Student: 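Mind having a look at this structure? Questions to follow.
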Amino acid sequence: MYSKKVLETFRNPKNIGEIKNPDGVGKIGNEKCGDVMWVYIKVSKNKRSQEIIKDIKVKTFGCVAAISTSSVLATIVKGMTLKDALKIDKKQIAEELDGLPPAKMHCSVLSMDGLRKAVEDYRNKKAKAD
Amino acid sequence: MYSKKVLETFRNPKNIGEIKNPDGVGKIGNEKCGDVMWVYIKVSKNKRSQEIIKDIKVKTFGCVAAISTSSVLATIVKGMTLKDALKIDKKQIAEELDGLPPAKMHCSVLSMDGLRKAVEDYRNKKAKAD
Amino acid sequence: MKHVYLDHAATTPLDKRVLGAMKPYFSKKFGNAGSLHLFGQEAREAVEKARESIAKAINAKPEEIVFTSGGTESDNIALQGVMRANKGKGKGLVTSVFEHPAVLRTAEKLEKEGFEASYLPVTKQGFVELQEIKKFLKKETILASVMHANNEIGTIQPIEEIGKLCREKGILFHSDAVQTVGKERIDVEKMNIDLLSASAHKFYGPKGIGFLYAKQGTKIYPLMHGGGHENGLRSGTENVPGIVGMEKALEIAVKEMDEENEKLKKLRNKLIDGCLEIKNSWLNGVREPRLAANAALGFDFVEGESMILMLSDKGIAASTGSACSTKSLEPSHVLRAIGLPHVKCHGSLRFTLGRATTEKDIDYVLETLPGIVKRLREISPLGGK
Amino acid sequence: MKHVYLDHAATTPLDKRVLGAMKPYFSKKFGNAGSLHLFGQEAREAVEKARESIAKAINAKPEEIVFTSGGTESDNIALQGVMRANKGKGKGLVTSVFEHPAVLRTAEKLEKEGFEASYLPVTKQGFVELQEIKKFLKKETILASVMHANNEIGTIQPIEEIGKLCREKGILFHSDAVQTVGKERIDVEKMNIDLLSASAHKFYGPKGIGFLYAKQGTKIYPLMHGGGHENGLRSGTENVPGIVGMEKALEIAVKEMDEENEKLKKLRNKLIDGCLEIKNSWLNGVREPRLAANAALGFDFVEGESMILMLSDKGIAASTGSACSTKSLEPSHVLRAIGLPHVKCHGSLRFTLGRATTEKDIDYVLETLPGIVKRLREISPLGGK
Ligand SMILES: Cc1ncc(COP(=O)(O)O)c(C=O)c1O
Ligand SMILES: Cc1ncc(COP(=O)(O)O)c(C=O)c1O
């Protein structure tokens, strides 16, 4: 039921793990539903002084789809500006994986929500520091 | 679904055919139902002056069960007194064949009815002749 | 003793090539297609490949194929499932008087539930008439069900035209194609079919497996509930070897269809012509359009079952019409439907030829049958010989 | 790659001896058991011999065995057929919260029809309680349905006692024995069972065939209508090779049962003990009474599906619990029923051993699994390592 791409990604997930001293952390999902993601980001600026995601790592408790979407999202947004990263469509994530079973589409939403929360966390922290 | 005995009897039916100048003929069944029997009998007397079935032959249009029961009835009653012959139970015919499928039990009734009609015909003719 | 099997409409032998295709799925690739692991994936792949191939063979989409346990189940899901799911629209079911019991008994069951079934008459030649159908299709009608070819007399119905009439009126159209799948070309698009039933053992596939084609978007309730297999339409662990076997059988049948039918028709005609040389005999239904393998005959003054058994004693397998397990005393409803009087219905004999049938087989039947008919006529009180 | 199949509760490979018994019925003795001729008689004989032998294996009468397409169909006929046929008596159906979907979804369907279903709770250990059942059985209750052994956690229910309670109250008793037929002794007389479901592919028989035992005199409506096969209870051409195969499979399973279970229990216990050495793990359900082949485990902080796929990559076939095709997001209803919190339900892993399982297989799993759990725990945010 999973595409080959999902399975490959699951087998060799990228950007999985933790960042020490992250600039932002987004914790999403709940244990009850069986999907929990913690998204860690490191932010820096590019030449045009835009904030970009310099590094991203995700920790995931969940099914094959959850782990694969975490990996794909992280791979896609790494290096992107925060602005662009937040515009990623959940469909793009699914497409990157050659599709997800309908029942698993929420996983891509979840990973996006995790990223959003991480960025929020980063901005909150920054606002405080400023 | 038929017992071995039914099939054997069907394969080698006895007393099947016609009697020229019979003493009585019983025609029973109808074409619509798919079972027609004509029972021919020849009557004579035994030593004790009782009327007996000296010969019997049956012509049958019908299924395997109809042909087998015709044969078995004829075999059973041949040589019997008319009185005893008319007392034959339909169950006895079925038992002689190691049973009949429930849907086919009516065949044994039919053959008995044929015999009854043949005896009636004989008695009517005799009464007229007397 | 020589064995001549001429009852292919009842069931066919499994083609050796089909068994070959099934074999890996018995004890090696034996996984449950619902399992996530490698054994399950292997099974799932086989099932979906078969679904695609079968869909293609009738010009349908893979997701329109539902695997069932056979023709009876397919007919039952089609009729019960569609009528119940579309109750809102009306309560009418239109079918024909000479359908298979899997349709007729199901229609009667639905009548008991409050649905209204009406039964199309058929002509003496063995066909439903478009003029009649037009009259039967009402606004209240949910579903029409007309078989593609009749199992007893082999006449092929004008399915495409019936489908067209139904489409025009927005009525769903089911066809019981158990006797034609793998034997006649089927194109559900062209033929305007919304639902179609098939059974693998009728086309040299395994027993216990069949399929229902149901056009995308057709509302159907399942008969069986459980794990939600087949998109919720048919729960139960998938019969993987059966599905694979059905696919292979259909592939072979479609590929060899034209050549096979040509051969069968020649042999069939020889058989019919030979039988008709016996006095007081006739052919049920017309020669065309008729299944290439079907020779449904009748003989006056004798009864079918007795002929079957005497033929069987000579190694010849034939039928009186259908192979149902209720040995009812009623004469064939199909023969009654084409207007045969009762007594003639009792004298019916159906030969259905198949892949292995040879000219020698036909010769053997033609040598054997006359004596049997003669013998039975001798002991029959009918006919006044 | 080494292949270790430990998902025998989902399905089993066809035993070679079973295939051997089936073979003659594919292409040689291939007749339709409803046909009158020699090919039909041969098939009919095989079907009736199988019926006798299967009946004997569970201490029933041949006429009490109905051949179906599998466990799901058997469950559906039992529940739908009995409830509808006995409507006059009341409308109550009692079953348990941890039945297979084939029972639960059918019970829900019946509720929609106006019947009233109530669901027995189960203990943390994985059993329905007689005390509870007494409370659930009402005058209005038509049927109680409790599975013999649970398919996820393998706990064996006190069927004989439940049956006794039902008998005392004149309530019909059905048991879904799909997981126990061929694995545990079954005596429908002694165990007070009125209806029992079985599926051949769970005991090394073919897929697509099963049976329903229904005590003589039990009023049941059929699900499918047609030729009137199986005494009108299940129409459709008999799957002769399937029936013959199921018989052979059951014969073998019953003969080898004790020896087999002894072997399985040893291996199973070794597997359980080995798994429990992984920290933060547990066994679902108690060890006794439990199916000899079942090891249902749980691991904190990781999710079942991911474990399954990682094990699969190492050639090991396991399951999270059931092999249903609806990949629902809900955690196992069985584990919820025994009181496991949601998050722990997600970490479940079921191994079910079988005939071919060796000690080496178990060793391989015990070498492989810890690394997988470790890896998944590393990428998991839970557990605070
Ligand atoms: C026209 C037709 N429909 C339905 C069926 C039922 O198929 P099955 O017996 O495989 O369920 C048959 C054959 O028995 C048939 O000939
Ligand atoms: C307890 C139980 N009941 C019913 C079934 C359904 O059997 P089948 O899938 O063979 O129809 C299964 C297995 O899937 C089962 O484990």
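None of these values were measured; they are calculated from a predicted model. Chain letters run A, B, ... following the sequence lines, proteins first and then strands; every chain starts at 1.
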Student: Drop me the distance from D:Lys112's NZ to C:Tyr221's OH, to the nearest 0.5 angstrom.
Tutor: 7.5 Å
Student: Let's test your reading of the structure: which of D:Ser312, D:Gly71, D:Gly210, D:Gly208 forms the most heavy-atom pairs below 4.5 Å with chain C?
Tutor: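 Top count of heavy-atom pairs under 4.5 Å with chain C: D:Ser312.
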Student: Counting only heavy atoms closer than 4.5 Å, note whether D:Ala318 contacts chain C via side chain, backbone, both or neither.
Tutor: backbone
Student: What part of D:Asn76 gets closer than 4.5 Å to chain C, counting heavy atoms only: side chain, backbone, both or neither?
Tutor: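 Just its side chain gets close to chain C.
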Student: Ignoring hydrogens and geometry, is there a side-chain-to-backbone donor-acceptor pair from C:Asn32 to D:Ala10 under 3.5 Å?
Tutor: yes
Student: Is there a donor-acceptor contact under 3.5 Å linking the side chains of C:His37 and D:Asp7?
Tutor: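 The answer is yes; a qualifying pair exists.
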Student: Do you know which of C:Gln41, C:Lys23, C:Arg105, C:Lys16 has the most heavy-atom pairs under 4.5 Å to chain D?
Tutor: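 With the most close heavy-atom pairs to chain D, the winner is C:Arg105.
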Student: If you draw a 6.0 Å radius around CD in D:Glu48, do more than 12 non-hydrogen atoms from other residues or ligands fall strictly inside?
Tutor: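 Yes.
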Student: Roughly how far apart are C:Ile77 CD1 and D:Met224 CE, rounded to 0.5 Å?
Tutor: 7.0 Å
Student: Report the distance from atom CG of C:Asn239 to atom NE2 of D:His201, rounding to the nearest 0.5 Å.
Tutor: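 That separation rounds to 9.0 Å.
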Student: Does C:Lys2 have any salt bridge (charged side-chain N to carboxylate O under 4.0 Å, His left out) partners at least two apart in sequence or in another chain, and if so, which?
Tutor: C:Asp361
Student: Can you check whether C:Phe39 reaches D:His3 side chain to side chain, under 4.5 Å on heavy atoms?
Tutor: yes
Student: Quick one: which of D:Gly236, D:Gly70, D:Gly242 has the most heavy-atom pairs under 4.5 Å with chain C, could you say?
Tutor: D:Gly236
Student: With sequence neighbours left out, write down each residue that passes salt bridge (charged side-chain N to carboxylate O under 4.0 Å, His left out) with C:Lys109, or none if nothing qualifies.
Tutor: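 C:Lys109 satisfies salt bridge (charged side-chain N to carboxylate O under 4.0 Å, His left out) with C:Glu113 only.
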Student: So what's closer than 4.5 Å to chain C heavy atoms on D:Lys29: side chain, backbone, both or neither?
Tutor: neither
Student: Counting only non-hydrogen atoms closer than 4.5 Å, does C:Met1 touch chain D with its backbone (N, CA, C, O), its side chain (CB onward), both, or neither?
Tutor: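 When you check distances to chain D, only side chain atoms of C:Met1 fall under 4.5 Å.
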Student: Tell me, for C:Thr12 versus chain D, whether the close heavy atoms (under 4.5 Å) come from the side chain, the backbone, both or neither.
Tutor: backbone
Student: Which bit of D:Ile316 comes within less than 4.5 Å of chain C, counting heavy atoms only: side chain, backbone, both or neither?
Tutor: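 Answer is backbone: N, CA, C or O of D:Ile316 sit under 4.5 Å from chain C.
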Student: Quick one: what part of D:Leu38 sits under 4.5 Å from any heavy atom of chain C, side chain, backbone, both or neither?
Tutor: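 Contact with chain C: backbone and side chain both.
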Student: Does D:Glu108 have more than 12 heavy atoms from other residues, nucleotides or ligands lying within 6.0 Å of its CD?
Tutor: yes
Student: Do D:Glu238 and C:Thr11 have side-chain heavy atoms sitting under 4.5 Å apart?
Tutor: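 No, side chains not in contact.
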Student: Give, as side chain, backbone, both or neither, the part of C:Lys28 having an atom under 4.5 angstrom from any heavy atom of chain D.
Tutor: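 Contact with chain D is absent: no heavy atom of C:Lys28 under 4.5 Å.
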Student: Using modelled atom types and a 3.5 Å cut-off, is there a donor and acceptor pairing between side-chain atoms of C:Gln80 and backbone atoms of D:Leu223?
Tutor: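 Here the side-chain-to-backbone pair exists.
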Student: Check whether any side-chain N or O of C:Ser27 sits under 3.5 Å from a backbone N or O of D:Leu14 as a donor-acceptor pair, and report yes or no.
Tutor: yes
Student: Taking the side chain as everything from C-beta on, heavy atoms only, tell me whether C:Pro241 gets closer than 4.5 Å to D:Lys207.
Tutor: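 Yes; the side chains approach each other to less than 4.5 Å.
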Student: If you count heavy-atom pairs under 4.5 Å between each of D:Leu309, D:Ile243, D:Thr106, D:Ile209 and chain C, which one has the most?
Tutor: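 Looking at each option in turn, the highest pair count goes to D:Thr106.
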